[in-house]
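Only one structure is covered here, and it is reproduced in the block below.
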Amino acid sequence: MNSGTGTTITNHILDQQSASAGATGAFTHLLNEIVMAAKIISSEVNKAGLVDILGSTGRRNVQGETVKKLDEFSNGLMVDRLYRSGHVAMLASEEDADPIEPPRGCTLGEYIVLFDPLDGSSNIDANVSIGTIFSILKRRTTGPECDLSDFLQPGTEQVAAGYVLYGSSTMLVYSTGNGVSGFTLDPSVGEFLLSHPDIQVPERGKIVSANMGYWDYWSEELKSYFRYLRTKTDDKAVYSLRYIGSMVADIHRTLLYGGVFLYPADSKDPKKPWGKLRLLYECNPMGYLMEQAGGAASTGQGRVLEVDPSDLHQRVPFIGGSAQDVAEAVDFLSGKRSQ
Ligand code: AHG
Ligand code: MN
Ligand code: MN
């Protein structure tokens, strides 16, 4: 399809705006700044091997993880572009312990944005797909200052969520509550063009995605589930294992092909038995997209989007993908099924 015929993401966002009564254009402006950030980060990622932006900064973030130069670049860019929209009340990032104060004199708005500026950082230097994840809420407080309660809202309160995947091509996938749309960046014109209208997760898949290196830290229930997946039965094929180690890439494949992605509870650190993925800027946005595409997202105990957050960087187990696969995984994890 040549660029002359595709729907640009800007037009798509404007169409969504005109379809929602009372829309003021603020949301459109905010989303367009995320699009701009995606284009700039994509350009940096695509030349990362050529300029001095690979490798580590030598610092550690609030997660205790090594901060890569591209993490830092992407984080700063997202903060700058989002506040520049004039429609943000306050921001929070995976890279910052606390919510990020707006620059002095910045025009503020009513939206709260939480984001993972660069997901899959450990893959950057190996040129493996990485991504950016964002979750948009409306602020709850009304005073001059936001507070943590504006951020600690359940995923059901999201007004939009999405991700950018910097892969063999750069894609932006988002939802504002009316289904999921995917756009592919045409670098020759610098536009995201609609390439995946109305993404629907297949009812059931044949791929399981998890880091099996942690097998010894998994519950017996989870191990039974994996034994079931690798057993052929009359009504079930043997599942293939695909794990990239970048949540955005693993989720994108699961959205398109179906199956199930898990970052489950484990006993790697008995004091933190809830897995690695962060609720507010990884699990909630991805859970929202899965549900908007007809799939599901569970913590194993309940719907991800219904978790009542208690901390900005809290982690939850995540099982997301085809509705039937997620339901089956939850039946095993809860002990309802053992084969
Ligand atoms: P981030 O790079 O933003 O810290 O996220 C990395 C996450 C996620 O992208 C991926 O699913 C997971 O880490 C992989 O973790 P393991 O290496 O433990 O499998
Ligand atoms: Mn991440
Ligand atoms: Mn990250």
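- Cluster membership check: Leu14 does not share its hydrophobic cluster with Leu31, using side-chain heavy-atom separations under 4.5 Å among Ile, Leu, Val, Met, Phe, Trp and Tyr.
- Identified under the side chain to side chain donor-acceptor pair (under 3.5 Å) test for residues 240-249, with sequence neighbours left out: Asn123-Ser246.
- Under the 3.5 Å distance criterion, the side-chain polar atoms of Thr170 are left unmatched by any main-chain donor or acceptor of Tyr166.
- For NZ of Lys336, the number of neighbouring non-hydrogen atoms (other residues, nucleotides, ligands) closer than 6.0 Å is 12 at most.
- Side-chain atoms of Leu172 and Ile9, non-hydrogen and from C-beta on, do get closer than 4.5 Å to each other.
- Listed by first then second residue, pairs satisfying ring-ring contact (aromatic ring centres under 6.0 Å, His included) with a partner in residues 117-154 number zero, not counting sequence neighbours.
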Please table the atom pairs, donor to acceptor, closer than 3.5 Å between any side-chain atom in residues 155-165 and protein atoms at least two apart or in another chain.
| residue | atom | partner | partner atom | Å |
| --- | --- | --- | --- | --- |
| Gln158 | OE1 | Ser135 | OG | 2.7 |
| Gln158 | NE2 | Gly155 | O | 3.0 |
| Gln158 | NE2 | Asn284 | O | 3.1 |
| Tyr163 | OH | His252 | ND1 | 2.6 |

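- Using a 4.5 Å cut-off on side-chain heavy atoms (C-beta onward), Met171 and His196 make contact.
- Remark: the backbone N or O of Asn11 is paired with a side-chain donor or acceptor of Thr8 at under 3.5 angstrom.
- Every residue two or more places apart in sequence or in another chain was checked for a side chain to side chain donor-acceptor pair (under 3.5 Å) with Ser298, and none qualifies.
- Ion pairing between Glu110 and Lys138 holds under the 4.0 Å rule for side-chain N and carboxylate O.
- By the neighbour-count criterion of 12 heavy atoms within 6.0 Å, atom NZ of Lys272 is sparsely surrounded, having that number or fewer from other residues, nucleotides or ligands.
- When side chains are defined from C-beta on, Ser93 does not count as touching Met78, because their heavy atoms never get closer than 4.5 Å.
- Residues Asp325 and Gly205 come closest through the heavy atom pair OD2-N, 2.7 Å.
- Atom NZ of Lys39 has more than 12 heavy atoms from other residues, nucleotides or ligands within 6.0 Å.
- Between the side chain of Thr184 and the backbone N or O of Leu193 there is no donor-acceptor pair closer than 3.5 Å.
- Residues Asn211 and Trp218 come closest through the heavy atom pair O-CZ2, 3.3 Å.
- A distance-only check finds a donor-acceptor pair linking the side chain of Ser121 to the backbone of Leu118 [under 3.5 Å].
- Side-chain contact between Ser267 and Pro273 is absent, with no heavy atoms from C-beta onward closer than 4.5 Å.
- Using a 4.5 Å cut-off between side-chain heavy atoms of Ile, Leu, Val, Met, Phe, Trp and Tyr, with links allowed through other members, Trp274 and Phe261 fall into different hydrophobic clusters.
- A 4.5 Å side-chain heavy-atom check between Tyr288 and Ile136 finds every atom pair outside the cut-off.
- Although no hydrogens or angles enter the test, the distance criterion places a donor-acceptor pair under 3.5 Å between the side chain of Lys236 and the main chain of Leu229.
- A donor-acceptor contact closer than 3.5 angstrom links the side chains of Gln17 and Thr28.
- Legend: residues meeting ring-ring contact (aromatic ring centres under 6.0 Å, His included) with Tyr257, ordered by chain and number and at least two apart, are absent.
- Tracing side-chain contacts under 4.5 Å through hydrophobic residues (I, L, V, M, F, W, Y), one reaches Tyr217 starting from Met212; they form part of the same cluster.
- Applying the ring-ring contact (aromatic ring centres under 6.0 Å, His included) definition to pairs two or more places apart or across chains, those involving residues 13-44 are Phe27-Tyr111, His29-His87.
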Show, in sequence, the C-alpha distance, side-chain angles and deciding distance for Arg337 and Glu328, and conclude whether the salt bridge (Lys or Arg N to Asp or Glu O under 4.0 Å) test is met. CA-CA 8 Å; Arg337 273 188 75 167; Glu328 209 165 60; 3.2 Å; yes
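- Nearest heavy-atom pair across Thr141 and Ser149 is CG2-OG, 3.7 Å.
- Residues Val180 and Val173 meet the side-chain proximity criterion, which asks for heavy atoms closer than 4.5 Å.
- Using a 3.5 Å distance cut-off with no hydrogens or angles, the side chains of Asp198 and Gln200 do pair a donor with an acceptor.
- Pairing each heavy atom of Ala323 with each of Gly294, the nearest pair is CB-O, 3.9 Å.
- Residue Ile244 shares its hydrophobic cluster (ILVMFWY side chains chained together at separations under 4.5 Å) with Val128.
- Using modelled atom types and a 3.5 Å distance limit, the side chains of Gln16 and Thr176 yield a donor-acceptor pair.
- Considering CD1 of Ile133 and CE of Met247, their distance stands at 6.0 Å, rounded to 0.5 Å.
- Note on residues 280-309: pairs passing salt bridge (charged side-chain N to carboxylate O under 4.0 Å, His left out), not counting sequence neighbours, are Arg278-Glu282, Glu291-Arg303, Arg303-Glu306.
- Legend: salt bridge (charged side-chain N to carboxylate O under 4.0 Å, His left out) pairs involving residues 140-154, not counting sequence neighbours: none detected.
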Could you pull out every donor-acceptor pair under 3.5 Å between side chains of residues 96-109 and any protein atom, sequence neighbours left out?
| residue | atom | partner | partner atom | Å |
| --- | --- | --- | --- | --- |
| Asp96 | OD1 | Asn75 | ND2 | 2.9 |

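- Atom CG of Asn127 has 12 or fewer neighbouring heavy atoms from other residues, nucleotides or ligands inside a 6.0 Å radius.
- In this structure, CG on Leu114 lies 11.0 Å from CE on Met90, to the nearest 0.5 angstrom.
- Remark: His313 engages Tyr281 in a ring-ring contact (aromatic ring centres under 6.0 Å, His included) (not counting sequence neighbours).
- Using a 4.5 Å heavy-atom cutoff, the side chains of Glu221 and Ser334 are not in contact.
- In this structure, Pro317 and Pro264 approach most closely via the heavy-atom pair CB-C, 4.0 Å.
- Residues Leu222 and Trp215 fail the side-chain proximity criterion, which asks for heavy atoms closer than 4.5 Å.
- Here ring-ring contact (aromatic ring centres under 6.0 Å, His included) pairs that include residues 319-339, with residues two or more places apart or in two chains, are Tyr225-Phe332, Tyr228-Phe332.
- Under the 4.0 Å criterion applied to side-chain N and carboxylate O atoms, Lys223 and Glu220 are assigned as salt-bridge partners.
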